[in-house]
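Read the numbers this way: they start at 1 and go in the same order the structure lists the ligands and their atoms. FYI, the numbering just counts along the sequence from 1. As the structure is a computational prediction, the values presented were derived from the model and not from experiment.
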Amino acid sequence: MPVTSEVDRPETAPDGPALPVNELFASLQGEGVLAGVPSTFVRTSGCNLRCWFCDSYHTSWEPTHAWMAVDDVVAAVAERDPDHVVLTGGEPTIHEESFELLRRLGDDYHLTVETNGTVVPPEGTPVDLASISPKLASSTPTAERPPAGADGEAPPADSGEWAARHEANRIDIDALATLVERYESQLKFVVTGREDMAEIVDLVERVREAASVAVPDEEVLLMPEGQTRDQLADTRTAVAELAAEYGFRYTPRIHVDLWNDAPET
Ligand SMILES: C[S@@+](CC[C@H](N)C(=O)[O-])C[C@H]1O[C@@H](n2cnc3c(N)ncnc32)[C@H](O)[C@@H]1O
Ligand SMILES: Nc1nc2[nH]cc(C(=O)O)c2c(=O)[nH]1
Ligand code: SF4
Ligand SMILES: [Mg+2]
């Protein structure tokens with residue numbers, strides 16, 4: 001989603017453990033093996049990568065947030081009384097305080113963490129589903145594929161530097177292997193076309209070789225790239241057909257089908 005660009009909470013961190021929060025809302029999980037399950041989402045701001053297609057532009061390329069004490073995040077979640085909580089971003093694992101939040105929530109909710117798979121939480125951090133979305137070469141920003149959230153305006157001045165950092169850091173096989181070993185997980189690839197398939201097959205193979213647990217095909221998901229209904233209309237059938245052809249699982253983006261690119265959905 002092109003997430004919230006304006007927030008009305010404090011711009012400086014309060015005392016004690018706190019997180020930069022872009023948005024906090026109740027919706028349906030739109031992606032993956034739990035698609036359709038009512039969930040409360042906590043979206044942190046800030047990311048260690050820069051996908052050109054990032055649908056959360058205001059957590060990565062142009063981060064906006066307000067600081068919330070971890071206590072207040074816990075209270076805001078409790079107010080919505082969910083069974084499932086999804087911690088996402090941005091990249092939630094770049095914040096130490098995300099792990100404190102997960103520890104605080106762990107006894108009371110099913111916890112999904114949406115992550116690019118480059119950071120492993122400290123041992124003992126409660127995570128019920130690691131929803132890992134490793135980033136493919138086709139995610140790297142280029143002159144032909146500038147940041148999608150720029151809406152036709154000039155891309156951010158630092159996008160060239162970020163292209164190199166993104167390319168250097170997007171895959172860490174040891175981190176991916178540790179995540180799948182430690183947690184129930186799904187590998188959820190954003191697919192832009194058939195050109196992505198060789199890299200996906202190779203990456204899954206490398207994770208399988210590095211991990212001490214099996215990674216069944218049904219935990220490898222292909223998700224069509226697209227931030228809007230119109231964009232998904234162009235990609236979803238081809239990606240579903242690739243899933244059928246390769247024996248991987250297809251996941252829709254049902255929040256986009258339902259609410260297009262509205263914030264807090
Ligand atoms: C915004 S990311 C936040 C979590 C983490 N940084 C990550 O990338 O997994 C949430 C999910 O949206 C996916 N995503 C982002 N932009 C997308 C797009 N244009 N089309 C399809 N999926 C997208 C990501 O791959 C990830 O699975
Ligand atoms: N409804 C809904 N489901 C989602 N699943 C993962 C999301 C994310 O941005 O991480 C997301 C999101 O932004 N909205
Ligand atoms: S890793 Fe996730 S949050 Fe970061 S730029 Fe890519 S899609 Fe956006
Ligand atoms: Mg999203």
Side-chain angles (χ1 to χ4, degrees), residues 1-4 20-65 80 82 84-95 98 110-119 129-141 145-150 155-156 158-159 162-163 165-172 175-176 186 188-192 221 223-228 231-232 251-265:
M1 309 270 90
V3 298
T4 310
V21 174
N22 174 269
E23 52 183 12
L24 195 160
F25 59 96
S27 184
L28 303 179
Q29 171 57 276
E31 307 167 5
V33 298
L34 292 174
V37 175
S39 306
T40 291
F41 292 79
V42 179
R43 189 183 305 283
T44 57
S45 192
C47 187
N48 57 347
L49 298 181
R50 289 291 185 278
C51 307
W52 70 269
F53 55 58
C54 184
D55 67 1
S56 302
Y57 189 78
H58 287 287
T59 67
S60 54
W61 288 101
E62 269 184 17
T64 57
H65 55 259
R80 290 161 176 83
H84 285 248
V85 173
V86 180
L87 178 61
T88 184
E91 179 50 47
T93 64
I94 65 172
H95 309 290
S98 287
H110 179 286
L111 299 179
T112 297
V113 178
E114 302 284 345
T115 176
N116 60 28
T118 59
V119 178
L129 176 66
S131 177
I132 310 161
S133 186
K135 293 303 179 287
L136 303 172
S138 62
S139 68
T140 303
R145 286 178 159 171
D158 59 355
S159 54
W162 267 109
R165 282 172 75 176
H166 180 93
E167 190 51 36
N169 296 326
R170 65 188 171 79
I171 297 297
D172 179 336
L176 293 171
Q186 59 188 6
K188 189 176 61 171
F189 293 99
V190 176
V191 181
T192 61
L221 282 63
M223 179 162 74
E225 192 280 318
Q227 299 193 31
T228 64
Q231 289 166 358
L232 280 183
T251 174
R253 285 168 60 75
I254 60 175
H255 50 312
V256 180
D257 296 336
L258 291 168
W259 300 296
N260 204 13
D261 55 358
E264 303 197 339
T265 59

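Every atom of ligand 3 with a heavy atom of C47 under 4.0 Å away is listed here by number and element: 1 (S), 3 (S), 4 (Fe). Shown in contact with L28 at under 4.0 Å from a heavy atom are these atoms of ligand 2, numbered in order with element: 1 (N), 2 (C), 3 (N). When each atom of ligand 2 is checked for a heavy atom of F41 under 4.0 Å away, the hits are 1 (N), 2 (C), 3 (N), 4 (C), 5 (N), 11 (C). Interface atoms of ligand 2 facing S27, defined by a heavy-atom separation under 4.0 Å, are 1 (N). Contact atoms of ligand 2 toward T265: 1 (N), 2 (C), 14 (N) (distance under 4.0 Å to a heavy atom of the residue). In the vicinity of G90, heavy-atom distances shorter than 4.0 Å reach the ligand 3 atoms 3 (S). Each of the atoms 1 (S) of ligand 3 lies under 4.0 Å from some heavy atom of N116. Atoms of ligand 2 found under 4.0 Å from any heavy atom of G30, numbered from 1 in the order shown, are 1 (N), 2 (C), 3 (N), 4 (C).
Looking at V86 against ligand 2, nothing comes within 4.0 Å, counting heavy atoms. Within the 4.0 Å heavy-atom criterion, neither part of I254 lies near ligand 2.
Using a distance-only test at 3.5 Å, with no hydrogens or angles considered, a donor-acceptor pair links the side chain of S133 to the main chain of K188. Between the side chain of W259 and the backbone N or O of E264 there is no donor-acceptor pair closer than 3.5 Å. When atom types are taken as modelled, the side chain of E91 and the backbone of N116 share a donor-acceptor pair closer than 3.5 angstrom. With hydrogens and angles disregarded, a donor-acceptor distance shorter than 3.5 Å links the side chain of S45 to the backbone of T64. Remark: side-chain polar atoms of W52 are paired, donor with acceptor, to backbone N or O of S138 under 3.5 angstrom.
For the side-chain contact (heavy atoms from CB on, under 4.5 Å) criterion with T44, the lone passing option out of L87, L24, T93 is L87. Residue M223 forms a side-chain contact (heavy atoms from CB on, under 4.5 Å) with just one option from V190, L232, V191, and that option is V190.
No N or O atom of W259 sits closer than 3.5 Å to an N or O atom of ligand 2.
Of all protein heavy atoms, the one closest to atom 8 (Fe) of ligand 3 is C54 SG, 2.3 Å. Protein heavy atom in closest approach to atom 6 (Fe) of ligand 3: C51 SG, 2.3 Å.
Nearest-heavy-atom check against atom 10 (O) of ligand 2 across V113, T88, T115, T251 picks out T88.
For R43, the heavy-atom gap to ligand 2 drops under 4.0 angstrom. The shell of residues lying under 4.0 angstrom from ligand 3, judged by heavy atoms, excludes S56.
Side-chain contact check for Q29 versus I254: every heavy-atom pair is 4.5 Å or farther apart.
Electrostatic pairing of E114 and R43 does not count as a salt bridge here, judged by no charged N lying under 4.0 Å from a carboxylate O.
For the atom pair OG (S27) and CZ (R80), the distance works out to 12.0 Å, reported to the nearest 0.5 Å.
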